[in-house]
There are 2 protein chains.
Amino acid sequence: MDARNWDQAIRKLGKKATPQRKAILTALSQQDKPATVDEIFIEVREHQKTSLSTVYRNLELLFSQGLINKQGFPGEKARYSLKRDTHEHTLVCIDCRKIVAITGCPLESYAVEIGLRENFVVLDHRMEMYGYCQKCSQIRGRVSD
Amino acid sequence: MDARNWDQAIRKLGKKATPQRKAILTALSQQDKPATVDEIFIEVREHQKTSLSTVYRNLELLFSQGLINKQGFPGEKARYSLKRDTHEHTLVCIDCRKIVAITGCPLESYAVEIGLRENFVVLDHRMEMYGYCQKCSQIRGRVSD
DNA sequence: TAATAAATGCAAATCATTCCTATTACTAAA
DNA sequence: TTTAGTAATAGGAATGATTTGCATTTATTA
Ligand SMILES: [Mn+2]
Ligand SMILES: [Mn+2]
Ligand SMILES: [Zn+2]
Ligand SMILES: [Zn+2]
């Protein structure tokens with residue numbers, strides 16, 4: 001999705017293409033990793049007058065419309081990122097919170113299969129894996145316990 | 001882990017085996033799916049005087065000590081479950097919210113594979129599929145575009 | 001340009017979770 | 001068994017992210 005097309009993308013949802021919305025999408029497109037609401041707010045505010053609640057409202061809107069991802073651990077701030085062409089799964093380090101995107105979906109054929117078996121029209125799915133990144137697993141070593 | 005052994009399990013952590021802690025583990029062992037803190041609180045309170053903060057503190061303790069799982073997407077309440085050998089995936093109807101448990105995990109070998117490929121120690125994962133249950137897909141028919 | 005519904009900004013409200021502190025009760029030692 | 005010492009609890013207040021209500025502004029469409 002190209003920056004010049006945010007206007008169109010928003011209208012396609014049947015929503016108004018406000019400068020705030022376009023700025024939010026632009027800010028997201030500049031992030032190289034999922035960002036918190038206040039990080040996004042700070043970036044947007046540099047280019048466009050806005051309020052924190054507007055950022056919250058629109059991130060939630062864009063998420064519910066499927067344009068962006070929302071992820072994070074319970075009790076932690078949510079993180080948002082632009083949805084790239086393919087849907088994305090992640091590996092998350094439970095120590096340092098590093099996130100690694102998994103390329104390729106291991107569930108495509110399974111989604112069809114389980115849909116047939118359980119009489120469900122499966123439209124989407126969500127999957128994340130948790131563990132330790134290389135660095136954190138080295139730091140911990142076999143120390144703990 | 002057997003219910004009668006909670007006492008020992010807690011002591012093994014170097015912690016005091018209080019009735020509250022034992023009751024929390026018992027409550028978790030009775031849940032068939034990950035439960036929120038207040039669900040656990042309500043159950044525990046039926047058998048043992050306790051406070052919400054005690055439940056919070058101990059769930060966090062048990063989680064950090066590796067006896068239980070903690071999961072949940074941001075914005076949702078955290079959910080805790082006893083660590084068991086198997087875990088569970090679900091199909092969720094986005095219309096009526098019906099939930100169907102999927103038996104069997106389609107990601108077991110993939111978890112190992114991706115861990116090796118990405119240098120991650122993969123410990124756990126979460127996966128849910130979304131769509132329409134049979135009833136709701138019939139009601140909607142092919143209406144939605 | 002005018003009509004109108006949608007969106008914004010700001011403040012106040014919510015809600016899960018954490019923190020504080022006086023009191024209680026496990027535990028290990030005597 | 002009693003006791004001292006310390007960890008844990010109860011309950012209430014505090015916190016911090018997210019949400020909501022409402023008056024005002026703005027994008028859209030004709
Ligand atoms: Mn910038
Ligand atoms: Mn019960
Ligand atoms: Zn890490
Ligand atoms: Zn349904």
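Letters A, B, ... mirror the listed sequences (proteins, then strands); counts begin at 1.
Residues from residues 34-50 of chain B with heavy atoms under 4.0 angstrom of DNA chain D, sorted by number: K49(B), T50(B). Looking at residues 52-60 of chain B, you'll see S53(B), Y56(B) sit with a heavy atom under 4.0 Å from some atom of DNA chain C. Within residues 11-23 of chain A, the residues having any heavy atom closer than 4.0 Å to DNA chain D are, in order of number, R11(A), K16(A), A17(A), P19(A).
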Side chains of residues 50-61 of chain B: which donor-acceptor pairs under 3.5 Å do they make with residues two or more places apart or in other chains?
unit_1: S51(B); atom_1: OG; unit_2: S53(B); atom_2: OG; d: 3.3
unit_1: S51(B); atom_1: OG; unit_2: T54(B); atom_2: N; d: 3.3
unit_1: S51(B); atom_1: OG; unit_2: T54(B); atom_2: OG1; d: 3.1
unit_1: N58(B); atom_1: OD1; unit_2: R21(B); atom_2: NE; d: 2.7
unit_1: N58(B); atom_1: OD1; unit_2: R21(B); atom_2: NH2; d: 3.4
unit_1: N58(B); atom_1: ND2; unit_2: T54(B); atom_2: O; d: 3.0
unit_1: E60(B); atom_1: OE1; unit_2: K70(B); atom_2: NZ; d: 3.1
unit_1: E60(B); atom_1: OE1; unit_2: Y80(B); atom_2: OH; d: 3.1

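Counting heavy atoms from C-beta outward, R126(A) and Y130(B) have side chains that approach closer than 4.5 Å. Here the side chains of K33(A) and I99(A) are not in contact, with every heavy-atom distance at 4.5 Å or above. Two residues are said to be in side-chain contact when any heavy atoms from C-beta on lie closer than 4.5 Å; K98(A) and V92(A) fail this criterion.
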Exercise for the section: Check step by step if side-chain contact (heavy atoms from CB on, under 4.5 Å) holds for M129(B) and D124(A). Expected result: CA-CA 6 Å; M129(B) 298 203 154; D124(A) 195 11; over 6 Å; no
Handout entry: Stepwise side-chain contact (heavy atoms from CB on, under 4.5 Å) test for W6(A) and S29(A)
Key = CA-CA 10 Å; W6(A) 294 142; S29(A) 72; 3.9 Å; yes
Exercise for the section: Using the side-chain hydrogen bond (donor to acceptor under 3.5 Å, both in side chains) rule, take H125(A) and H89(A) through it: C-alpha gap first, then chi angles, then the decisive distance, then the call. Expected result: CA-CA 10 Å; H125(A) 62 260; H89(A) 298 304; 3.2 Å; yes
Practice task
May I have the step-by-step check of side-chain contact (heavy atoms from CB on, under 4.5 Å) for I68(B) and K83(B), ending in yes or no?
Solution key: CA-CA 5 Å; I68(B) 66 179; K83(B) 264 198 187 159; 5.6 Å; no
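Between the axis at the start and the axis at the end of the helix from dT1(C)-dA30(D) to dA30(C)-dT1(D) there is an angle of 40°, using five pairs per end and rounding to 10 degrees.
Along DNA chain D, the stretch of nucleotides lying under 4.0 Å from any heavy atom of chain B spans, 5' to 3', dT6(D) to dG12(D). In summary, contact between chain B and DNA chain C, defined as any nucleotide atom under 4.0 Å from a heavy atom of the protein, begins and ends at dA16(C) to dT27(C) in the 5' to 3' direction.
Sorted by first and then second residue, the pairs that involve residues 103-122 of chain B and meet salt bridge (Lys or Arg N to Asp or Glu O under 4.0 Å), not counting sequence neighbours, are E113(B)-R117(B). Residue pairs meeting the salt bridge (Lys or Arg N to Asp or Glu O under 4.0 Å) criterion with at least one member in residues 40-51 of chain B: none, sequence neighbours excluded. Screening residues 11-20 of chain B for side chain to side chain donor-acceptor pair (under 3.5 Å), with sequence neighbours left out, gives D7(B)-R11(B).
Membership of the apolar cluster around L116(A) extends to V112(A), as traced through chained side-chain contacts below 4.5 Å between ILVMFWY residues.
Looking at every heavy atom in both residues, V122(A) comes nearest to A111(A) through CG2-O, 3.8 Å. The nearest pair of heavy atoms linking A17(B) to I10(B) is CA-CG2, 3.9 Å. Residues A9(A) and L67(A) come closest through the heavy atom pair CB-CD2, 4.4 Å.
Not one N or O on the side chain of Q31(A) forms a donor-acceptor pair closer than 3.5 Å with the backbone of L28(A).
Every residue two or more places apart in sequence or in another chain that forms a side chain to side chain contact (heavy atoms under 4.5 Å, CB included) with S81(A) is listed here: P34(A), N69(A).
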